[in-house]
Structures are given as structure tokens and as C-alpha cells.
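What you see is a predicted model, and the numbers here were worked out from it, not measured in a lab.
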Amino acid sequence: MHGQLHFASNTTLTLNVITQTGSFNMIIDSETDIDGKPAPSGFFNVSGIGGQVDNSSPYSSNYFLYPRRISDFTNLVVPVFGFTQDSSRGIENRDSSEGFVLQCANLTSNKQITIRLKVVLLP
């Protein structure tokens, strides 16, 4: 999402959200306070009313999410790991628990890494 969202009254805007394993639609109603606000940038969480319209087995497609208000979007602070030694350990914490640990050894030059996380939707 980029820029500001503006659309006509009594309409919806459907955005296709691409995930690591597929995609789903996010539907924004013009009657919410989202219309006219700047779109989120960078990494963010979004919550709202979720649903599914899939009339055929195995009932695994056509998921959607309706954000209800602009406060359903929250910016994320993405951790940046920095190592000052050639063998180091970086810990990312969101609260008092340990989120994940990144440990590297024999670092003699800059390295680019990719971390893949599995997202699990809670009931």
C-alpha cells in the first residue's frame, strides 16, 4: 500500500495480500476511518474481521480480512542485528520472552541472510 487511500462513498477497495504460501484479500470499506489516511509503510500488523467464502472441498481458499479502523494497522519495529566480533549472538525480544536467536560464527565480511518464519493464525 502506498500513498493515501481515497475512494467513493459506499464502496470497498479489495487489495490482494501476498504471503509466503499464497494470498488473501483485504477488503477496506469506504465508511471506515481508513479512507483518506496515509497507507502504512514498511512492515506492519493488521487485524480485523476475517472470513472465508469457499463452497468446495477442501475449503482452503478465498480467505479475506476486513480492517475496521485505522488503529487496526500497527507499525512494526523490525530488529536489526549487528555483530562487532567475528563470532557473536543476537537475541530479539518482544517482551520478557526470547523471540529468536541469531548466532553466527567466523564472520570475516558482511553477510546477507534470509530468515523464513511460518505464520500461524490463532483461532
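Val46 and Tyr66 are assigned to two separate hydrophobic clusters, defined by single-linkage of ILVMFWY side chains at heavy-atom distances under 4.5 Å. Linking Ile, Leu, Val, Met, Phe, Trp and Tyr whenever their side-chain heavy atoms come within less than 4.5 Å leaves Ile49 and Val17 in two separate clusters.
Under the 3.5 Å distance criterion, the side-chain polar atoms of Glu31 are matched with a main-chain donor or acceptor of Asn10.
Taking Ser61 as the reference, Asp54 meet the side chain to side chain contact (heavy atoms under 4.5 Å, CB included) condition, with sequence neighbours excluded. Residues meeting the side-chain hydrogen bond (donor to acceptor under 3.5 Å, both in side chains) test with Thr74, sequence neighbours left out: none.
Val53 places a side-chain heavy atom less than 4.5 Å from the side chain of Phe64.
Here the straight-line distance linking atom OG1 of Thr32 with atom CD1 of Ile70 works out to 7.5 Å at 0.5 Å rounding.
Of the candidates Ile28, Asn25, Ile27, Leu65, Leu15 forms a side chain to side chain contact (heavy atoms under 4.5 Å, CB included) with just one, namely Ile28.
Between Tyr63 and Phe24, the shortest heavy-atom contact is O-CB, 3.6 Å.
Residue pairs meeting the salt bridge (Lys or Arg N to Asp or Glu O under 4.0 Å) criterion with at least one partner in residues 58-68, sequence neighbours excluded, are Arg68-Asp72.
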